[in-house]
Amino acid sequence: MTESVEAVVIGAGAVGLAVARALAVAGREVLILESASTFGSEISSRNSEVIHAGIYYPTGSLKARLCLAGREQLYAYCTSRGVAHKRLGKLIVASEPNQIPALEKIKAQADANGVNDLEWLGANAVQAMEPALRASAALLSPSTGIVDSHGLMLSYLGEAEAHGAAIAYRSPVEGGAIGNDGFTLDIGGDAAMRLHCRYLVNAAGLDAQRVAGRLTGFAPGQVPPLHLAKGSYFVLSGAAPFERLVYPVPEHGGLGVHLTLDLAGRARFGPNVEWVEALDYRVAPEQAASFYGAIRRYWPGLGDGKLAPGYAGIRPKISGPKDPAADFMIQGPEVHGVPGLVNLFGIESPGLTASLALADLVVASLAH
Ligand SMILES: Cc1cc2nc3c(=O)[nH]c(=O)nc-3n(C[C@H](O)[C@H](O)[C@H](O)COP(=O)(O)OP(=O)(O)OC[C@H]3O[C@@H](n4cnc5c(N)ncnc54)[C@H](O)[C@@H]3O)c2cc1C
């Protein structure tokens, strides 16, 4: 006999867990299927842990709207649930006068997105705030912060479980089929089985396209391409001379090699953007040279031998290197016509910041 559950969420990253929490709180019976032996071992533990303000994204895009809404939800959530976080603020720096027009454009984009707390700082004001920085001008974003992503996921999972959700580790979804009254899933791993569910949320991150592609009855033309953009980090030995996050003017595919601080005050630099064909999380030590170059544009005082390879994450992009940046793709029944199914594609940054707002949207999409 095929076991049955009301709702399945595939993937226990920050987004899958936020969705599972929201569905469980809304009264659904939820099972989370995770192929790894623990939660959050893919994109959600390989990022900058920044709570983004919502500055750069095209106005009206899902990224802009969900980042703005999700950021405030996230601050409130972290405060009420005791998840470690800090509203540190960030500086976006024009290190040369010729970058000032780019900074003005960023300010205009932020205003259009409703991020209206940015402060324009001249060279002297930046110097007073962060004496080690070289800047002709900067934008201060007071609502940018950092969060303990592991603590956040633990809290999402704990709350989902408190509302009756269950999680099965080492349970990869290997295929499935769309039926008249829901979905049949083939689950591999230690306890291979077949499972029926009425609602299905595909939050498999880097594997979301493969999961959707293996769902018999789902039109292959609805599955977007997957492009992998690796981002490596280098860590700083010794104390960081900055109190805020420091970002250069953005580059194509990412936000530029920026400085983020973790909750213990340690500094890391990255991520860069490297288009790759396969998942490979090694950080190439020889990339250090390009990091020194990029960082010294805004921090000339960075000494030789101070950077060591850290870790890497991979962005699940649905647009390629030569395409314009794509938006999040939240594909519900109103898009593909399959009742009870939501696919989440291209959930790169600011997916962590937006996780609670993304989850609300998924729940609303399944209510139709
Ligand atoms: C370099 C980098 C920096 C970033 N920085 C930030 C930042 O500072 N701020 C921010 O807001 N966002 C940031 N992001 C984006 C953010 O990290 C992601 O949007 C978010 O973590 C995505 O979560 P997820 O749950 O969709 O994916 P994941 O965390 O990857 O979770 C997917 C899960 O699905 C599981 N899975 C896969 N296939 C299957 C299967 N077939 N069956 C069962 N389980 C399966 C995987 O094991 C995994 O646990 C960054 C991303 C990157 C790559």
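For the numbers below, each heavy atom of this structure counts, side chains included, while hydrogens, waters and symmetry mates do not. Everything numeric in this text was worked out from a predicted model, so none of it was measured. In each ligand, atom 1 is the first atom listed, and ligand 1 is the first ligand listed.
Taking distance alone, with nitrogen or oxygen atoms compared against 3.5 Å, Glu34 approaches ligand 1 more closely than that limit. Backbone and side-chain nitrogen or oxygen atoms of Val173 are examined, and one is located within less than 3.5 angstrom of a nitrogen or oxygen of ligand 1. Ligand 1 has no nitrogen or oxygen under 3.5 angstrom from a nitrogen or oxygen of Glu42. Annotation: Ile10 places no N or O atom under 3.5 Å from an N or O atom of ligand 1; distance criterion only. At a 3.5 angstrom cut-off on N or O pairs, Ile314 does not count as close to ligand 1. Of the polar atoms of Ser41, none of the N or O atoms is found under 3.5 Å from an N or O of ligand 1, judged by distance alone. The shortest N/O to N/O separation between Val15 and ligand 1 falls below 3.5 Å. Below 3.5 Å of separation, one finds no N or O of Ala354 facing any N or O of ligand 1. Between Tyr233 and ligand 1, no N or O atom pair is found at a separation short of 3.5 Å. Note: no N/O pair closer than 3.5 Å links Arg46 and ligand 1 by distance alone.
Those atoms of ligand 1 with a heavy atom of Ala14 less than 4.0 angstrom away are 25 (O). Close approach of ligand 1 to Glu49 (heavy-atom distance below 4.0 Å) involves ligand atoms 8 (O). Every atom of ligand 1 is numbered from 1 in the order shown, and the set under 4.0 Å from a heavy atom of Arg315 is 53 (C). The atoms of ligand 1 that sit less than 4.0 Å from any heavy atom of Glu348 are 15 (C), 19 (O). Applying the 4.0 Å criterion to heavy atoms of Ala12 picks out, from ligand 1, the atoms 33 (C). Taking a cut-off of under 4.0 Å to the non-hydrogen atoms of Pro172, the atoms of ligand 1 that pass are 42 (N), 43 (C). Taking every heavy atom of Leu352 and a limit of under 4.0 angstrom, the matching atoms of ligand 1 come to 10 (C), 11 (O), 12 (N), 16 (C), 19 (O). Heavy-atom proximity to Ile347, at under 4.0 Å, picks out these atoms of ligand 1: 18 (C), 19 (O), 22 (C).
If you check which protein heavy atom lies closest to atom 31 (O) of ligand 1, you get Gly13 CA, 3.3 Å. Closest protein heavy atom to atom 13 (C) of ligand 1: Ser349 OG, 3.4 Å.
Looking at Ser171 and Glu34, their side chains never bring a donor and an acceptor atom within 3.5 Å of each other. No side-chain donor-acceptor contact under 3.5 Å links Thr260 and Tyr233. Side-chain contact of Tyr77 with Glu159: a donor-acceptor pair under 3.5 Å is present, judged by distance alone. In summary, the side chains of Tyr156 and Ser355 do present a donor paired with an acceptor at a separation below 3.5 Å, with no hydrogens or angles considered.
For Lys107, the NZ atom is densely surrounded, since the number of other residues' heavy atoms within 6.0 Å is greater than 12. Annotation: Arg297, atom CZ; neighbour count of heavy atoms from other residues, nucleotides and ligands within 6.0 Å does not exceed 12.
Annotation: cation-pi pair Arg198/Phe183 absent, no NZ/CZ under 6.0 Å from the ring centroid and within 45° of its normal. A cation-pi arrangement is absent between Arg268 and Phe234, since the terminal nitrogen or guanidinium carbon is not both under 6.0 Å from the aromatic centre and inside a 45° cone about the axis.
A salt bridge links Asp304 to Arg296: at least one charged side-chain nitrogen sits closer than 4.0 Å to a carboxylate oxygen.
Ring centroids of Phe269 and Phe291 are separated by 6.0 Å or more, keeping the two rings apart.
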Side chain to side chain contact (heavy atoms under 4.5 Å, CB included) between Ile146 and Leu263, intermediate numbers included: CA-CA 7 Å; Ile146 53 173; Leu263 285 152; 4.0 Å; yes

Verdict with supporting geometry, Val115 and Arg71, side chain to side chain contact (heavy atoms under 4.5 Å, CB included): CA-CA 11 Å; Val115 182; Arg71 170 251 270 186; 4.1 Å; yes

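Contacts between Pro316 and ligand 1, counted as non-hydrogen atom pairs separated by less than 4.0 Å, are absent for every part of the residue.
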